[in-house]
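Please read the structure below before turning to the comments.
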Amino acid sequence: MNYSEFHLRCYALLEKIPKGKVTTYAEIAKALNSKAYRAVGTAMAKNDQLIKRPCHRVIRSDGDIGQYALGTDKKIELLLQEGIEIEHGKVVNLSRFMYYFSSERSGN
DNA sequence: CATCTGACACAGA
DNA sequence: GTCTGTGCCAGAT
């Protein structure tokens with residue numbers, strides 16, 4: 001699809017997210033050693049492989065569901081099916097479902 | 001090369 | 001707790 005390296009990296013991390021867990025755009029950016037959480041969201045939007053890349057498991061840092069190609073409502077439903085607890089359009093106890101990549105921590 | 005936009009994040013009111 | 005404004009990075013024009 002001629003995706004940029006940055007986008008490909010985001011997708012790679014997406015596949016690392018286990019079912020029943022979620023992560024934030026900022027976390028992905030940090031995992032890439034960058035602060036481009038904005039660009040991360042852009043990568044999700046550019047992703048047409050919604051099935052291959054479960055971008056619906058990526059939410060906001062505030063616990064808000066955020067946006068989704070098929071609509072926030074659909075995203076919430078998917079997360080609920082994964083076992084994520086959502087209320088008022090936001091994840092309940094995010095820390096409980098939050099998934100940290102923590103790829104490297106000692107060296108790079 | 002300059003400028004605007006976007007599936008965001010943080011600070012202030 | 002909610003709303004508004006500014007900062008952020010990478011991509012597109």
Side-chain angles (χ1 to χ4, degrees):
Chain A
M1 265 306 175
N2 301 326
Y3 286 118
S4 300
E5 292 299 308
F6 199 88
H7 288 195
L8 292 174
R9 287 209 189 194
C10 295
Y11 302 147
L13 290 174
L14 278 174
E15 295 188 88
K16 291 161 64 87
I17 306 175
K19 183 182 175 189
K21 285 279 193 174
V22 295
T23 193
T24 67
Y25 300 96
E27 186 59 32
I28 295 179
K30 290 198 296 190
L32 298 176
N33 263 291
S34 289
K35 302 185 306 179
Y37 28 76
R38 302 294 303 275
V40 174
T42 308
M44 305 294 101
K46 290 269 192 169
N47 173 32
D48 22 20
Q49 297 291 321
L50 300 179
I51 312 301
K52 191 176 173 67
R53 325 289 182 178
C55 42
H56 65 266
R57 288 178 190 160
V58 187
I59 62 174
R60 280 203 179 201
S61 300
D62 286 72
D64 198 90
I65 302 302
Q67 283 301 312
Y68 189 56
L70 306 183
T72 36
D73 187 65
K74 186 69 179 179
K75 188 170 181 177
I76 293 174
E77 268 197 42
L78 288 169
L79 291 174
L80 288 172
Q81 290 176 43
E82 299 259 321
I84 309 298
E85 216 171 321
I86 302 176
E87 233 171 273
H88 310 299
K90 299 187 186 70
V91 176
V92 181
N93 218 342
L94 175 59
S95 356
R96 190 168 60 165
F97 305 103
M98 187 60 184
Y99 173 75
Y100 300 94
F101 299 97
S102 306
S103 326
E104 78 298 329
R105 190 59 90 152
S106 3
N108 158 276

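Reminder, nothing fancy here: chain letters follow the sequence lines and each chain counts from 1. It should be emphasised that the depicted structure is a prediction, and the values quoted were computed from it without experimental measurement.
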### Query
If you look at every strand shown and take non-hydrogen atoms under 4.0 Å, does A:A26 touch a base, only sugar-phosphate, or nothing?
sugar-phosphate
### Query
What nucleic acid atoms does A:A39 come within less than 4.0 Å of, heavy atoms only: base, sugar-phosphate, or nothing?
base
Rounded to whole Å, please give me the gap between [atom1] in [X] and [atom2] in [N].
{"X": "A:M44", "N": "C:dC9", "atom1": "CE", "atom2": "P", "answer": "18 Å"}
{"X": "A:Y37", "N": "B:dG6", "atom1": "OH", "atom2": "P", "answer": "18 Å"}
{"X": "A:I59", "N": "B:dA7", "atom1": "CD1", "atom2": "P", "answer": "17 Å"}
{"X": "A:E27", "N": "B:dA7", "atom1": "CD", "atom2": "P", "answer": "21 Å"}
{"X": "A:L8", "N": "C:dG11", "atom1": "CG", "atom2": "P", "answer": "11 Å"}
{"X": "A:D64", "N": "C:dT2", "atom1": "CG", "atom2": "C1'", "answer": "13 Å"}
{"X": "A:K30", "N": "B:dC8", "atom1": "NZ", "atom2": "C1'", "answer": "13 Å"}
{"X": "A:R60", "N": "B:dC10", "atom1": "CZ", "atom2": "P", "answer": "11 Å"}

### Task
Check whether the ring centres of A:Y99 and A:F97 lie less than 6.0 Å apart, and answer yes or no.
no
### Query
Would a 4.5 Å heavy-atom cut-off, applied to side chains only, mark A:H56 and A:L70 as touching?
no
### Message
Just so I know, are the side chains of A:F6 and A:V40 near enough to count as touching, which here means a heavy-atom distance under 4.5 Å?
### Response
yes
### Task
Could you tell me whether the side chain of A:Y25 has a donor or acceptor atom within less than 3.5 Å of a complementary atom in the base of B:dA7?
yes
[X] vs [N]: side-chain N/O to OP1/OP2 distance below 4.0 Å:
{"X": "A:K35", "N": "C:dC8", "result": "no"}
{"X": "A:K46", "N": "C:dA12", "result": "yes"}
{"X": "A:S34", "N": "C:dC9", "result": "no"}
{"X": "A:S4", "N": "C:dG11", "result": "yes"}

### Message
Show the nearest heavy-atom pair for residues A:L50 and A:C55, with the distance to one decimal.
### Response
CD2-SG, 3.4 Å
### Query
In a check of side chain to side chain contact (heavy atoms under 4.5 Å, CB included) between A:T23 and each of A:M98, A:K16, A:R57, which one passes?
A:M98
I want to verify a distance call: between [options], whose nearest atom is closest to the [X] side chain?
{"X": "A:L50", "options": "C:dC9, B:dC8, B:dA7", "value": "B:dA7"}
{"X": "A:R38", "options": "B:dA7, C:dC8, C:dA10", "value": "C:dC8"}
{"X": "A:F6", "options": "B:dA7, C:dG11, B:dC8", "value": "C:dG11"}

